[in-house]
Peer 1: 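Before anything else, here's the structure in question.
Letters A, B, ... mirror the listed sequences (proteins, then strands); counts begin at 1. Everything quoted here is computed from the prediction, not taken from an experiment.
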Amino acid sequence: MSQANTMSRQDRRALRKAEKLRDKAANELPPSLRPNKFVKALTILVLVIALIYFTFPIYWAIIASTKSPSQLTNSNGIWFAVGLDELPDAIAKNYAGLLGWTKGKFWRWVLNSLIYSGVSAVIGTVVAVMAGYATAKFRFRGKGVIIGVIMASMLMPAALLTIPQYSIFNAIGLDNTMLSVIIPCCVSPFGFFLGRVYAQSSVPDELLEAARIDGAGEARIFFTIVLRILAPAMVTIFLFMFVATWNNFLLPLMMLSSTDLQPVTLGLYGMVSLATFTDRGALMMGALLGVLPVIILFLFLQRYWKAGLAAGAVKG
Amino acid sequence: MTTPTRAAMKGRGVAKRSEAVKREERTGWTFMVPFCLLFLIVFVVPIIWAIYQSFFQQVATGGGAYGGGTLENKFVGLANFQYVITSKAFWSGIGRVFIYTVIQVPLMIILALALAMLMDSFIVKHVSGFRLLYFLPYAIPGVVASIIWVFLYNQQISPIVKFCELFGLHPDFFANNVVIGSMANITTWTFTGYNMLIFLAALQAIPHDLYEAARIDGANGWQIAMKIKLPNVRGAALLAMLLSIVGTIQLFNEPQVMQTADPGISDSFTPMMMALNTSRGSLTPKGDGPASAIAIVMALIAGVLAATYALVERKVNES
């Protein structure tokens, strides 16, 4: 303490500088691994071109969502048509247009999407983790066959199932209900695969044995111990299933005829396929508002989807 | 510790042991049941139902020449399959999807792999921002992505068209032989980032000592990328390729949305669109029977393709 006090300002500055240098050196590559300037410039150029390709359509959609039909044709495509001070009015106008075109049902559609994705992802995640845990930690007859069948179904073009699914739901009078979208979205072979991989790698057998010796029942072990350990895996599975349902188009297109039940993707498609449709700016507004929940979810849960992709890459 | 042999176990507590085995079996199945039940409803029953339906056609009975009467399921044997296999529209659709797959899948995988390699090359340091923005299109539903791109292809409003016009070019993204490329671009835009992240994860799992050892042996960055990194992500790349092929066979969202802007895209542009429109009745023969037959033939083609791919891959791996 006294030493710190007696240290002059200059000394402290020197110390900080030395620390900074040390940090930098620790992160720095050995000289032999350092790229030359030309390679570096070229790499950055390629990465930036790719960046423009991936983000430009989204940028354009944001700009377009503030424009009227005539401004879309006549004004500069890559910047707002009106001054920044008039922007709130332009946005309000297109928002009103969106609600008008959708007959006030826009937020109902977003809510529908949230219900479909949320409910099916919650059920699907729990069910997939249970099954993954069962195949990872228990021996039972038929296990090999079941794992094989589920894994093989990952290669099944799932959209093909939609036609007989519709036919069945129609026969039992369940088509055009929320259940007709939720039930088919509850099953994810990929979710099962992730649940199995995580249960194998992160649930220790000793822990299960110890709990059994303490007299805990299997259900209690699963719900109080295993689920807690597998919580991160469950977030990952939830996220992937949520997005898959949110993005599904063919299933609701076949199952639903009532506009009150449509998810937001189907609603926007209905808008763009209207013969009288003209207001692209309002539609872009709807498109952006309709993807916002998914984007927010992805931003906040970054480490979970990265974990899921890593499992797919390394184990796959 | 030695494991007891069967004979030794027979002596002591065989009843107890089998009781434990039985209990384990029961518990395992109990945890399996919910998933299996849903799997049956969503996968197995529809497959059986589709096979059953494919032998029937809905025909009107009791009505006059202008229809009417009631619809009845009539057993037609293999007539639906005969219709599909001899349908020119179906095979043109398969042809389009085939061209689409052959062009789009390798392009996307190579692009994703190249970007992943560049990000893992240590040439550029702060890559997490790039990574997130490349992945962003994956969060955008295929329908919404298609709508945005359809506008970007539009002659009147597209800044891309206007940009090209500066150089005297007048691209028509809906022209007959271009439209498949325009669709492929939408898919590539959506899924490249996703595949890139899978490859990046595989690359980051490679132990870094390997690179240093290679450096000491005099390898340059390019050699390291080709000789160490590429072989290590091969498994992930081949799997991504297989899953992408399966994905493009069911090509539907992009053409369905592009149809709203381009009447040149028919109701049977892809087999999946043909199946949907057959089932909904805008193509004849209509109904679940012919639609199921289309779906089954598609599934068989997909299976043959996937098996061929897996076989070729194994052959290449062996040699």
Side-chain angles (χ1 to χ4, degrees), chain A residues 29 32-33 35 39-40 43-44 46-47 50-51 54-55 57 60-61 72-73 77-78 127-128 130-131 133-134 138-141 153 155 157 159-161 163-165 167-168 183-184 186-187 192 218 246-247 249-250 265 268-269 272-273 280 287 290-291 294-295 298 309-310 312-314 316, chain B residues 24-25 27-29 31-32 34-35 38-39 42-43 46 49-50 53 115 118 122-124 130 133-134 136-137 139-144 147-149 151-152 156-157 159 162 193 197-198 201-202 205 215 221 236 239 246 249-250 252-253 257 260 272 275 279 288 291-292 295 298-299 302 306:
Chain A
L29 294 164
S32 66
L33 281 176
V39 170
K40 191 168 178 172
T43 306
I44 292 175
V46 171
L47 291 181
L51 189 70
F54 289 120
T55 52
W60 180 82
L72 268 173
T73 6
I78 56 172
V127 167
M130 271 167 89
Y133 169 66
F138 294 91
R139 272 168 301 174
F140 52 89
R141 235 170 295 159
S153 72
L155 287 180
L160 292 178
L161 293 170
I163 285 159
Q165 278 164 0
S167 169
I168 292 170
I183 293 174
C186 279
V187 185
F192 164 81
E218 292 293 343
W246 195 281
N247 292 358
F249 172 55
L250 180 64
T265 45
L268 292 171
Y269 169 75
V272 79
S273 54
R280 296 196 175 94
V291 300
V294 183
I295 295 202
F298 264 112
L309 291 173
V314 180
Chain B
E24 186 176 347
E25 177 133 322
T27 319
W29 267 109
F31 282 124
M32 251 349 265
F35 187 89
L38 281 167
F39 190 81
V42 176
F43 277 81
W49 183 253
Q53 288 258 302
L115 287 174
L118 281 181
F122 309 112
I123 297 171
V124 185
F130 281 108
L133 289 170
Y134 289 175
L136 194 57
I140 296 188
V143 176
V144 174
I147 293 174
I148 296 176
W149 276 104
F151 291 170
L152 284 173
Q156 272 99 48
I157 63 173
K162 280 177 190 157
L197 281 175
I198 290 181
R215 282 287 180 186
L239 183 71
V246 173
I249 285 167
Q250 20 185 351
F252 176 75
N253 292 359
V257 173
T260 64
M272 199 64 236
S279 152
D288 290 337
S292 299
M298 273 175 74

Peer 1: So for B:E24, is it side chain, backbone, both, or neither that comes closer than 4.5 Å to the heavy atoms of chain A?
Peer 2: both
Peer 1: Give a yes or no on whether the backbone of A:R141 and the side-chain of B:E25 come within a donor-acceptor separation of less than 3.5 Å.
Peer 2: yes
Peer 1: If you count heavy-atom pairs within less than 4.5 Å of chain B, which of A:A50, A:S273, A:G290 leads?
Peer 2: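 When all of A:A50, A:S273, A:G290 are compared, A:A50 has the most.
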Peer 1: Sort out for me which of A:T55, A:I183, A:L51 touches chain B most, counting heavy-atom pairs under 4.5 Å.
Peer 2: A:L51
Peer 1: Students often mix this up, so state it plainly: with edges at 30° and 60°, are the rings of A:F249 and A:Y269 parallel, tilted or perpendicular?
Peer 2: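 It falls in the perpendicular class, over 60°.
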Peer 1: By ring pair (Phe, Tyr, Trp, His ring centres under 6.0 Å), which residues pair with A:F140, not counting sequence neighbours?
Peer 2: B:W29
Peer 1: When only pairs under 4.5 Å are counted, which of B:W49, B:F130, B:Y134 shares the most heavy-atom pairs with chain A?
Peer 2: B:Y134
Peer 1: Below 4.5 Å from any heavy atom of chain A, which atoms of B:V257 appear? Answer side chain, backbone, both or neither.
Peer 2: both
Peer 1: Would you say the side chain of B:F39 lies within less than 4.5 Å of the side chain of A:V127, judging by non-hydrogen atoms?
Peer 2: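 With C-beta onward as the side chain, the pair stays apart.
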Peer 1: Any donor and acceptor pair, going by atom type alone, linking the side chain of A:Q165 with main-chain N or O of B:V42 inside 3.5 Å?
Peer 2: yes
Peer 1: Side chain, backbone, both or neither: which part of B:F252 has an atom under 4.5 Å from a heavy atom of chain A?
Peer 2: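 It is the side chain, since no backbone atom gets that close.
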Peer 1: Taking the side chain as C-beta and beyond, is there a heavy-atom pair between A:L160 and B:M272 under 4.5 Å?
Peer 2: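 Contact flag for A:L160/B:M272 side chains = yes.
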Peer 1: Do you know which of A:V291, A:I295, A:I168 has the most heavy-atom pairs with chain B at a distance under 4.5 angstrom?
Peer 2: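 Most heavy-atom pairs within the cutoff with chain B belong to A:I168.
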Peer 1: With a 4.5 angstrom heavy-atom cut-off, which part of B:A50 approaches chain A: side chain, backbone, both or neither?
Peer 2: both
Peer 1: Can you tell which of A:A134, A:S167, A:A61 has the highest number of heavy-atom pairs within less than 4.5 Å of chain B?
Peer 2: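 Top option by heavy-atom pairs under 4.5 Å: A:S167.
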Peer 1: Answer with side chain, backbone, both or neither: which region of B:M298 has an atom nearer than 4.5 Å to a non-hydrogen atom of chain A?
Peer 2: both
Peer 1: Is any side-chain heavy atom of B:L133 closer than 4.5 Å to one of A:F54?
Peer 2: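 They are not in contact (no side-chain heavy atoms under 4.5 Å apart), so the answer is no.
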Peer 1: By a 4.5 Å heavy-atom criterion (distance strictly below it), what part of A:L268 contacts chain B: side chain, backbone, both, or neither?
Peer 2: both
Peer 1: Going by ring pair (Phe, Tyr, Trp, His ring centres under 6.0 Å), name the residues that satisfy it together with A:W60, two or more places apart in sequence or in a different chain.
Peer 2: none
Peer 1: What residue, out of A:I44, A:L161, A:V46, A:V294, has the most heavy-atom pairs lying under 4.5 Å from chain B?
Peer 2: A:L161
Peer 1: Kindly indicate whether the side chain of A:N247, heavy atoms from C-beta on, has any atom under 4.5 Å from the side chain of A:T265.
Peer 2: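 No, their side chains stay 4.5 Å or more apart.
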Peer 1: Which atoms of A:A159 come close to chain B, meaning under 4.5 Å heavy atom to heavy atom: side chain ones, backbone ones, both, or neither?
Peer 2: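 The answer is both parts of A:A159.
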